[in-house]
Amino acid sequence: MAADATPDADELATLVACAQAGDAGALDGVVRAIQHDVYRLALRMTACVEDAEDATQEVLIKVITRLESFRGEASVRTWAYRIAVRHVLDRKKSRVEELRLTFEAFGTDLMDGLAATPEVDPMLIAEVKRGCTLAMVTCLDREHRLAFVLTDVFDLPHREAAGLCDVVEEVYRQRVSRARRALEAFTRSYCGLVSEAAPCHCSRRVVRAEALGRVHRDAPVLASHPAVELAKAVEEVEGLHDAARLMRQHPLYLAPARLLDRVRRVTHRLPN
């Protein structure tokens, strides 16, 4: 298997068994196999690249130190994802969460300083769009944010996602429904990507976002982030409501390569 290939279920199970037997190379393979999924969840929950990296590192260290206790009742991906879900629910607030955003406050912020002349640089427009849609979801509390992300962004079935969250399915479904309603109401009122009649368009937010230090013209963070671009336009996916379509327009972000080095320095259990 190539070093950058994603192992299938049988290959990953073999890697886990070898890692539990003390094979550091196999342990490295397990971590590489799960790191991107963990990072994507962390980024959606923190809305901040730096905090997502920290959270991913913390989760991967938990996976490494707890792997000996893994007994295979579920796949190792599911087991690791459960660790990640619990971690992002319990960890300290991210820098964006510390802003304590509400939909009302977020809407007021969007209306402040809309430029009369739209920006034309597609990189900066993409940076505003991705940053805005990540931050928007933090207007939900963590339980409702997680439900929306797992089901409407990552497309996990309700039963599976409810199990990850340790709640009964009916409670989980209610969380998804409430999160959808809140995001739908907000995006239809403010977001030009959802409604042409809405006042805020990403191109009109670039100048203000740059003035506030949220966008850096020479060093965009999200628009230049390592990622796998989606092969199929999200607008073609049937059965999605507008807020879900909007949130799924992000690419599949890849965990930064430096994360493994950080984990190695802490655990000393992965090969260099």
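We're numbering straight along the sequence, starting at 1. These numbers come from a predicted model, not from an experiment.
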Lys/Arg N to Asp/Glu carboxylate O, D54 vs K92, below 4.0 Å:
no
Between D261 and R258, does any side-chain N to carboxylate O distance fall below 4.0 Å?
no
Could you check whether the rings of F186 and F103 sit parallel, tilted or perpendicular, using 30° and 60° as the cut-offs?
tilted
Flag the pair T46 / V96 as yes when at least one side-chain heavy-atom distance between them is below 4.5 Å, and no otherwise.
no
Check this for me: R159, atom CZ, are more than 12 non-hydrogen atoms of other residues, nucleotides or ligands nearer than 6.0 Å?
no
Compare every heavy atom of A24 with every heavy atom of R269, then report the nearest pair and how far apart it is.
O-CB, 3.6 Å
Any side-chain heavy atom of M45 sitting closer than 4.5 Å to one from R91?
no
Donor-acceptor side-chain pairing of R82 and T78 below 3.5 angstrom:
no
Work out which heavy atom in C202 is nearest to a heavy atom in K129; give both atom names and the distance.
SG-CB, 3.6 Å
For the pair Y253 and H225, name the ring-plane relationship: parallel under 30°, tilted 30 to 60°, perpendicular over 60°.
perpendicular
Taking the side chain as every heavy atom from C-beta outward, state whether V176 and H144 have any atom pair closer than 4.5 Å.
no
H268 side chain to R265 main-chain N or O, any donor-acceptor pair under 3.5 Å?
yes
What is the minimum heavy-atom distance between Y172 and L150, and which atoms define it?
OH-CB, 3.4 Å
Of all the heavy-atom pairs spanning L110 and R205, show the shortest one and how long it is.
O-NH1, 3.3 Å
Say whether L140 and L99 are linked into one hydrophobic cluster, either directly or through other cluster members, by side-chain heavy-atom distances under 4.5 angstrom.
yes
Close side-chain approach of T6 to L12, heavy-atom, < 4.5 Å:
no
Side-chain H-bond candidate by donor/acceptor type, E170 with Q174, under 3.5 Å
yes
Decide yes or no on side chain to side chain contact (heavy atoms under 4.5 Å, CB included) for H87 and V38, but give the supporting numbers first.
CA-CA 10 Å; H87 187 81; V38 173; over 6 Å; no
For the residue pair Y81 and L156, establish whether any side-chain heavy-atom pair is separated by less than 4.5 Å.
yes
Over all heavy atoms of both residues, which pair between D155 and R248 is shortest? Give the atoms and the distance, please.
OD1-NH2, 3.4 Å
Is there a side-chain contact between L60 and I34, using heavy atoms and a 4.5 Å cut-off?
yes
Show your reasoning for whether side chain to side chain contact (heavy atoms under 4.5 Å, CB included) applies to R44 and V88.
CA-CA 10 Å; R44 292 288 189 168; V88 297; over 6 Å; no
More than 12 foreign heavy atoms under 6.0 Å from CD of E169: is that the case here?
yes
Taking all atoms of both residues into account, what is the closest heavy-atom pair of R77 and P7, and its distance?
NH2-O, 3.1 Å
For residues V263 and L270, determine if any side-chain heavy atom of one lies less than 4.5 Å from a side-chain heavy atom of the other.
yes
Any side-chain heavy atom of R208 within less than 4.5 Å of one from L114?
no
